[in-house]
Q: 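Got a structure for you, written out below as structure tokens; questions coming shortly.
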Amino acid sequence: MSFNGYFFEENKITDPEVFKAIKNELARQQNQIELIASENFASREVMAAQGCIMTNKYAEGYPGKRYYGGCSFMDIVENIAIERVCKLFNCKFANVQPHSGAQANLSVFYALMSPGDVFLGMGLDMGGHLTHGAAPTISGRWFRPISYGVGADGLIDYDNVQKLAQEHKPKIILAGASSYSRKIDFKRFREIADSVGAYLFVDIAHYAGLVVAGLYPSPIDYAHVVSSTTHKTLRGPRGGIVLTNSEAIAKKINSAVFPGVQGGPQMHSIAAKAVAFGEALRPEFKEYAKKVLENSIAMAERLQEHGLDLVSGKTECHMSVVDLTKLSINGKIAETELEEAGITCNKNTIPFDKLPPTQTSGIRIGAAAMTTRNLGTSEFKKIADMMYSVLSNYGKSGYNKLKSEVRADALELCKAYPLYK
Ligand SMILES: *Cc1c(COP(=O)(O)O)cnc(C)c1O
């Protein structure tokens with residue numbers, strides 16, 4: 001096995017079981033068309049920082065105010081990460097310690113609400129995230145979530161959000177989604193929040209990379225507080241961030257992240273975040289984000305040319321939700337069949353889905369990862385053709401042969417656009 005001397009040296013591996021799985025996962029990533037909308041491929045430099053010796057250091061607290069000695073270099077990387085992310089999103093304060101998007105969101109809840117408080121969030125079945133009030137999560141169990149959603153046109157029903165806000169007087173109105181392909185009107189959300197004295201909290205976990213490139217609306221000027229992941233369209237290490245322009249909220253967020261919901265920060269991840277934010281500040285990242293959007297639109301429109309429906313009718317970001325109700329295949333089977341054909345995506349509920357979440361009537365697709373591998377619009381159209389061919393021929397005669405042809409095409413595309421070579 002060769003990792004080109006980069007990830008690790010083969011002759012130093014003393015744990016062959018784990019490293020065999022890593023090697024196989026590398027091959028899977030290299031040989032599969034990755035359309036999972038929340039995934040991306042971090043750069044070698046990001047991974048080098050994330051795999052570095054900073055994993056050894058405890059640095060509870062914040063730069064200049066640590067609970068341990070020996071933190072001078074921790075302060076340097078954390079300050080770099082903070083400065084860069086503030087520049088990226090044009091905001092005044094940032095917390096770069098959340099271990100993940102869910103931890104970032106929990107910190108915001110912990111900072112601004114008490115158990116039992118009411119908040120508004122987009123329903124999971126409507127495109128929202130689990131942490132926006134779904135029953136099995138802390139957000140759903142320790143607070144009182146009121147869900148809003150989309151209308152029959154697939155667009156957020158802002159009038160209904162206003163009505164629910166008036167009726168329930170929430171502490172927080174949470175905007176943001178995991179499977180919503182349209183621009184969100186953050187100004188409108190702020191007006192609604194102001195009309196009932198609620199905080200506006202916006203979670204841009206999915207859209208962050210497009211936001212920094214100016215291709216998706218920035219919530220910074222409207223929201224009291226913003227959270228994001230760093231590993232989706234932002235293309236950094238797995239992790240979370242919280243941003244705000246209010247010093248008072250920033251203070252609350254800092255105490256909520258540590259010691260509120262986390263212990264020691266993962267300093268290797270913070271170093272990797274700093275590297276990723278540096279990458280995102282470069283002009284090349286804007287070019288990348290522009291291509292993500294072009295590719296996402298090209299793939300979505302090609303599926304529509306084949307007669308497939310998209311939830312809300314189009315995409316204005318890196319992802320689309322494809323409605324499969326016209327076809328004789330559900331989301332779960334589509335996910336499995338496409339994977340066998342060399343294309344990875346995930347089943348996804350569509351608004352007003354008649355099937356249970358274990359089956360679903362949709363799939364979600366995204367362009368962020370394969371754009372990192374330099375595929376362009378013609379390749380994304382080809383991927384759409386390949387997907388359509390699997391989805392529309394499922395169960396028909398000659399299907400297995402067709403599926404293996406698509407698998408061969410997928411492999412060829414992957415070889416033409418190598419990853420980590
Ligand atoms: C992915 C996502 C999260 C959670 O991020 P994790 O890092 O998986 O915890 C939170 N909010 C939204 C909207 C997301 O899409």
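Residue numbers count from 1 along this sequence. Remember, predicted model here, so these are calculated numbers, not experimental data. First listed ligand is number 1; within each ligand, the first listed atom is number 1.
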Q: For S195, enumerate each residue passing the side-chain hydrogen bond (donor to acceptor under 3.5 Å, both in side chains) test, keeping only those at least two apart in sequence or located in another chain.
A: Q162
Q: For F41, does the six-membered ring have the charged nitrogen or CZ of R235 within the cation-pi criterion, i.e. under 6.0 angstrom from the centroid and within 45° of the normal?
A: no
Q: Taking the six-membered ring for Trp, are Y216 and Y207 parallel (under 30°), tilted (30 to 60°) or perpendicular (over 60°)?
A: parallel
Q: Give every pair formed by an N or O atom of ligand 1 and a protein N or O atom closer than 3.5 Å, one pair per line with both atom names and the distance to 0.1 Å, or write none.
A:
from	atom 1	to	atom 2	distance (Å)
ligand 1	7 (O)	G101	N	2.9
ligand 1	9 (O)	S100	OG	3.2
ligand 1	9 (O)	G101	N	3.3
ligand 1	9 (O)	A102	N	2.8
ligand 1	11 (N)	D203	OD2	2.6
ligand 1	15 (O)	S178	OG	2.7
ligand 1	15 (O)	K232	NZ	2.8

Q: Do the ring centers of F201 and F119 come within less than 6.0 Å of each other?
A: no
Q: Starting at CG of L327, measure out to NE2 of H306 and round the result to the nearest 0.5 Å.
A: 11.5 Å
Q: When E78 is tested against each of K273, R66, K57 for salt bridge (Lys or Arg N to Asp or Glu O under 4.0 Å), which residue passes?
A: R66
